[in-house]
Amino acid sequence: RAETQHATDLLIEQVTSGIEIYSRELDAPLYNRSEFLDAINHLRTLNQLFRLRILCHDPETAIKRGHRLIELARKHSNIEIRQVHADYRSYNEAFLIADCTGLIHRPLADRYEGTANFNSLINAQRKYNYFNEVWDRSEPHPDLRRLHI
């Protein structure tokens, strides 16, 4: 897990415009850490066009446990989380794409074993295309919506 956290932090350092995350339950050990959240806030302030899109199979656990990335998404329109459409829920991989170039890929979503490649244009593009296919069919979970009062 520590190596995956470190690879995530290093990959985030190279991001300029966008991140896509595909996760089963928002991987709190990776994405609910101050280092990650601070990096996302820094990217948001550096580039107004920066965008973070997250696909999550089951956000319920993360919502109940007060995942800080969910709170960040509720406050900022350039961070969006959607629940994976039912047709894609058998997909058991997890990945993070950085600027359509860098890729951290875990073939089994519940394990922190996989590969990190900071310049993997072809593989990152394949995952990006899959991500967009799922994204277009998925919708925000009702408990992930922002309340504008």
Side-chain angles (χ1 to χ4, degrees), residues 1-47 50-86 88-121 123-135 138-146:
R1 182 176 3 185
E3 290 174 353
T4 306
Q5 289 171 334
H6 183 64
T8 299
D9 294 343
L10 291 175
L11 188 58
I12 296 301
E13 288 179 12
Q14 82 177 30
V15 171
T16 58
S17 62
I19 298 170
E20 284 75 29
I21 295 173
Y22 193 102
S23 172
R24 294 197 67 77
E25 295 180 347
L26 281 179
D27 294 308
L30 296 177
Y31 309 126
N32 196 25
R33 299 176 300 118
S34 295
E35 297 86 354
F36 179 81
L37 297 165
D38 291 346
I40 295 302
N41 271 323
H42 181 71
L43 287 166
R44 280 186 342 83
T45 57
L46 278 180
N47 180 358
F50 168 78
R51 171 169 91 160
L52 170 59
R53 298 186 301 160
I54 301 164
L55 283 168
C56 181
H57 282 243
D58 180 21
E60 292 287 335
T61 303
I63 292 167
K64 289 176 185 171
R65 292 185 178 162
H67 199 298
R68 292 179 290 167
L69 189 53
I70 292 172
E71 289 308 313
L72 203 59
R74 286 177 176 155
K75 292 177 185 175
H76 304 288
S77 61
N78 56 352
I79 301 172
E80 190 174 350
I81 303 171
R82 293 186 183 179
Q83 184 173 16
V84 172
H85 187 278
Y88 297 92
R89 293 210 184 120
S90 64
Y91 186 79
N92 191 32
E93 298 180 24
F95 56 84
L96 181 147
I97 307 165
D99 290 339
C100 293
T101 304
L103 176 66
I104 294 176
H105 176 238
R106 298 181 359 244
L108 297 172
D110 56 342
R111 303 179 100 183
Y112 291 98
E113 299 168 0
T115 58
N117 192 326
F118 292 74
N119 190 14
S120 180
L121 189 59
N123 290 329
Q125 189 63 50
R126 284 183 186 140
K127 292 296 181 195
Y128 185 80
N129 291 341
Y130 178 77
F131 184 94
N132 280 330
E133 176 186 326
V134 179
W135 182 264
S138 301
E139 296 181 4
H141 186 281
D143 293 337
L144 294 173
R145 294 193 179 120
R146 292 174 192 86

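Keep in mind that the numbers below use all heavy atoms, side chains included, and drop hydrogens, waters and symmetry copies.
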| query | Taking it one step at a time, do Glu93 and His105 satisfy side-chain contact (heavy atoms from CB on, under 4.5 Å)? | reply | CA-CA 8 Å; Glu93 298 180 24; His105 176 238; 2.5 Å; yes

Under a 4.5 Å cut-off applied to non-hydrogen side-chain atoms, are [X] and [Y] in contact?
X      : Y      : answer
Asn132 : Val134 : no
Arg53  : Phe131 : yes
Ser138 : Leu55  : yes
Leu43  : Ile12  : yes
Glu25  : Glu60  : no
Ile54  : Leu69  : yes
Thr115 : Ile104 : no
Leu103 : Tyr128 : no

| Side chains of Asp99 and Ser17, donor plus acceptor under 3.5 Å |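 Indeed, the side chains of Asp99 and Ser17 share at least one donor-acceptor pair under 3.5 Å.
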
| said: Checking side-chain polar atoms at under 3.5 Å, does Asn129 have a donor or acceptor matched by the opposite partner on Gln125? | reply: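 On atom types as modelled, these side chains qualify, holding a pair under 3.5 Å.
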
Once you round to the nearest 0.5 Å, how far does [atom1] of [X] lie from [atom2] of [Y]?
X      : Y      : atom1 : atom2 : answer
Arg24  : Asp110 : CZ    : CG    : 8.0 Å
Ile70  : Ile79  : CD1   : CD1   : 12.0 Å
Tyr130 : Tyr22  : OH    : OH    : 4.0 Å
Asp27  : Asn32  : CG    : CG    : 11.0 Å
Arg51  : Glu20  : CZ    : CD    : 6.5 Å

| field | Criterion side chain to side chain contact (heavy atoms under 4.5 Å, CB included) against Ile40, the qualifying member of Asn78, Leu52, Thr45 | value |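 One option only clears the test, and that one is Leu52.
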
| message | With side-chain hydrogen bond (donor to acceptor under 3.5 Å, both in side chains) as the criterion, how do Tyr112 and Gln5 come out once you've worked through the C-alpha distance, each side chain's angles and the decisive distance to 0.1 Å? | response | CA-CA 9 Å; Tyr112 291 98; Gln5 289 171 334; over 6 Å; no

Closest non-hydrogen atom pair, [X] against [Y]:
X      : Y      : value
Pro107 : Gly114 : CD-CA, 4.0 Å
Gly102 : Leu11  : CA-CD1, 3.7 Å
Ile21  : Phe36  : CD1-CZ, 3.9 Å
Ser120 : Asn117 : CB-CG, 3.4 Å

| task | For a side-chain hydrogen bond (donor to acceptor under 3.5 Å, both in side chains) with Arg33, tell me which candidate from Asp38, Asp9, Thr8 qualifies. | result |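 That would be Asp9.
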
| request: Check Arg68, Arg74, His67 against Glu71 for a side-chain hydrogen bond (donor to acceptor under 3.5 Å, both in side chains) and give me the one that passes. | output: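 Considering Arg68, Arg74, His67, a side-chain hydrogen bond (donor to acceptor under 3.5 Å, both in side chains) with Glu71 is found only for Arg74.
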
| request: Mark yes or no for whether Ser23, through its side chain, and Cys56, through its backbone, hold a donor-acceptor pair below 3.5 Å. | output: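 No, because the side chain of Ser23 does not come within donor-acceptor range (under 3.5 Å) of the backbone of Cys56.
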
| message | Please check if the number of heavy atoms outside Arg89 that lie under 6.0 Å from its CZ is greater than 12. | response |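 Enclosed: over 12 neighbouring heavy atoms sit under 6.0 Å from CZ of Arg89.
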
| task | Return yes when atom CD of Glu3 has more than 12 non-hydrogen atoms of other residues, nucleotides or ligands closer than 6.0 Å, and no otherwise. | result |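 It does not: Glu3 CD has 12 such atoms or fewer within range.
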
| Passes side-chain hydrogen bond (donor to acceptor under 3.5 Å, both in side chains), Gln83 versus His57? Steps please. | CA-CA 6 Å; Gln83 184 173 16; His57 282 243; over 6 Å; no

| Would you call the rings of Tyr91 and Phe95 parallel, tilted or perpendicular if under 30° counts as parallel and over 60° as perpendicular? |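 Taking Phe95 first and then Tyr91, their aromatic rings stand perpendicular (interplane angle over 60°).
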
